[in-house]
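To find a chain, count down the sequence lines: A is the first, B the second, and so on, and within it residues start at 1.
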There are 2 protein chains.
Amino acid sequence: MTLSEEDYIKAIYHLGKGDNTIVSTNALAEMVDTKPSSVTDMVKKLSEKGVANYKPYKGVNLSEYGQRIALSLVRKHRLWEVFLVEKLNFSWDEVHEVAEQLEHIKSEKLIDQLDKHLGYPEVDPHGDPIPSKSGEFKKAIKKLLNNIPIGSVGVCVGVKDSSPPFLKFLDKNKIALGDTILVIDREEFDGSYNIKIGERIIHISNQIASNLYLKITE
Amino acid sequence: MTLSEEDYIKAIYHLGKGDNTIVSTNALAEMVDTKPSSVTDMVKKLSEKGVANYKPYKGVNLSEYGQRIALSLVRKHRLWEVFLVEKLNFSWDEVHEVAEQLEHIKSEKLIDQLDKHLGYPEVDPHGDPIPSKSGEFKKAIKKLLNNIPIGSVGVCVGVKDSSPPFLKFLDKNKIALGDTILVIDREEFDGSYNIKIGERIIHISNQIASNLYLKITE
DNA sequence: ACATATTTTTAGATTTGTCTAAATATTTAT
DNA sequence: ATAAATATTTAGACAAATCTAAAAATATGT
């Protein structure tokens with residue numbers, strides 16, 4: 001597989017939402033940052049190679065084989081992310097771009113040994129699960145704050161909405177990625193929450209809560 | 001720089017023997033495993049980019065800028081080799097192919113942190129020096145056995161001649177990469193050597209000695 | 001259901017890095 | 001010094017991945 005092919009496979013996988021939904025040409029084009037006409041060409045090729053199922057005007061899908069490739073890429077990507085954060089002191093938000101390159105390195109031994117070196121981690125720094133060598137998946141450990149039981153503790157590992165106003169709000173309230181958060185209680189009336197960050201207790205609306213991802217630790 | 005361009009730069013660098021000798025089109029073609037006509041095209045491009053100095057029918061050279069790029073690639077390659085051997089239990093002879101891929105990863109922070117993680121190593125597993133971030137070089141620590149003072153101890157890190165007969169000889173005499181070798185003495189008459197490997201003392205001809213690289217440790 | 005808007009595909013061009021075959025320059029041998 | 005051998009470059013073609021512009025199919029609104 002070439003670099004480009006692998007990028008398309010990953011994009012089809014991620015847009016397919018895990019259940020291998022059929023993906024539209026336009027959505028793919030946006031994902032891989034190219035034009036729809038280029039996507040058409042590529043998905044035809046992937047189809048001929050047995051990696052994807054493409055039906056003109058209907059969309060694309062990964063074949064069994066394509067899914068195996070996608071999972072292996074996701075596995076590599078996430079293992080490298082763990083490596084960067086745990087061993088090389090990268091922060092949370094710096095890892096993606098580099099992992100995007102590292103995931104294309106071809107060496108089975110490299111990934112096996114990296115996995116071992118990292119102590120066989122089950123999730124990446126964003127709380128997303130790492131597929132096993134054979135392609136099995138644990139359930140995601142990251143959840144939106146409003147889906148977490150009262151009393152839980154978690155680390156803030158991501159945001160759903162990454163628009164400037166929301167990020168500005170987080171900044172103003174000193175909520176940052178990597179912070180440990182305790183969910184104190186929830187207001188019946190409006191679904192707002194009280195949460196504890198370090199020694200501070202903060203009140204946040206349900207809308208805020210439903211855009212903050214936590215990796216649960218207790 | 002693209003992958004290909006970087007491969008050519010490295011090839012020009014290595015064929016230039018450190019002193020930036022002018023390199024012939026044919027030699028380059030052999031090194032990067034392509035045809036001379038392709039080399040001509042590429043070196044023209046590198047020349048236009050200010051990376052190399054190319055004179056038709058005469059050969060190519062790296063510019064100052066090209067040398068900086070080459071040294072950075074060599075640095076990356078060798079740091080990754082150290083990583084593979086020290087952290088991921090790769091053996092000596094498995095690292096090259098993988099490092100060849102890893103050296104193209106673009107991230108300054110990645111390399112700085114890797115260097116730190118590895119404890120700022122000065123040589124790679126073959127005894128070749130690792131250029132500093134600014135491009136400075138220590139002298140090579142690997143030497144041919146026949147250029148080493150009597151009484152020295154070193155680790156076998158490579159062979160000059162890698163032909164089957166020679167490798168077969170080494171195998172038969174249980175001389176392997178990674179072995180620690182003591183140079184006991186040298187015979188005046190024919191330049192042959194007595195060396196100690198583990199508890200065994202072996203007699204080797206001068207020709208053998210002049211094809212074994214050691215990384216000196218005492 | 002029809003016209004309009006959107007999405008997708010096709011056709012043809014472009015760029016990068018490569019190739020083959022032929023032409024040209026350089027080197028070597030006598 | 002000249003012929004033969006070798007090395008290098010040029011010219012033209014090709015495959016991969018992309019693009020633009022135009023055509024075709026599908027979806028949408030009233």
OP1 or OP2 of C:dT6 sitting under 4.0 Å from any side-chain N/O of A:Tyr57?
-> no
Hey, does B:Lys58 reach any base, or is it just sugar-phosphate, or nothing, if we go heavy atoms under 4.0 Å?
-> nothing
Side chains of B:Ser192 and B:Asp190: donor-acceptor distance under 3.5 Å anywhere?
-> yes
Ring geometry between A:Phe83 and A:Trp80 (parallel below 30°, tilted from 30 to 60°, perpendicular above 60°) = perpendicular
Who are the side chain to side chain donor-acceptor pair (under 3.5 Å) partners of B:Lys10, not counting sequence neighbours?
-> B:Glu100, B:Glu103
Do the side chain of A:Ser38 and the main chain of A:Thr34 share a donor and acceptor less than 3.5 angstrom apart?
-> no
Using a heavy-atom distance cut-off of less than 4.0 Å, which residues of residues 1-9 of chain A contact DNA chain C?
-> none
Rounded to the nearest angstrom, tell me the gap between atom CD1 in B:Ile22 and atom P in D:dT8.
-> 12 Å
For DNA chain D, find the residues of residues 27-41 of chain B with a heavy-atom distance under 4.0 Å and give them by number; none if there aren't any.
-> B:Pro36, B:Ser37, B:Thr40
Could you list the residues that satisfy side chain to side chain donor-acceptor pair (under 3.5 Å) with B:Ser163, not counting sequence neighbours?
-> B:Asp161
When rounded to whole Å, the CE to C1' distance for the pair A:Met42 and C:dT8 reads 17 Å
Residue pairs fulfilling side chain to side chain donor-acceptor pair (under 3.5 Å) with at least one residue in residues 60-73 of chain A, sequence neighbours excluded | A:Asn20-A:Asn61
Ring centre gap for B:His96 and B:His126 strictly below 6.0 Å = no
Side chain to side chain donor-acceptor pair (under 3.5 Å) between B:Ser134 and B:Glu136: does it pass, once the steps are laid out?
-> CA-CA 6 Å; B:Ser134 54; B:Glu136 282 127 44; 3.0 Å; yes
Within the pair B:Ser24 and D:dA7, is there a side-chain N or O less than 4.0 Å away from OP1 or OP2?
-> no
With a cut-off of under 6.0 Å to the ring centre and 45° to the axis, is A:Lys143 in cation-pi contact with A:Tyr213?
-> no
For C:dT8, does either OP1 or OP2 sit under 4.0 Å from a side-chain N or O belonging to A:Asn26?
-> yes
When you check the side-chain N and O atoms of B:Asp124 and B:His77, is any donor under 3.5 Å from an acceptor?
-> no
Output one line per pair: protein atom, nucleotide atom from nucleotides 3-5 of chain D, and distance, for all N/O pairs under 3.5 Å.
none

Ion pair B:Glu6/B:Lys106, N-O distance below 4.0 Å | yes
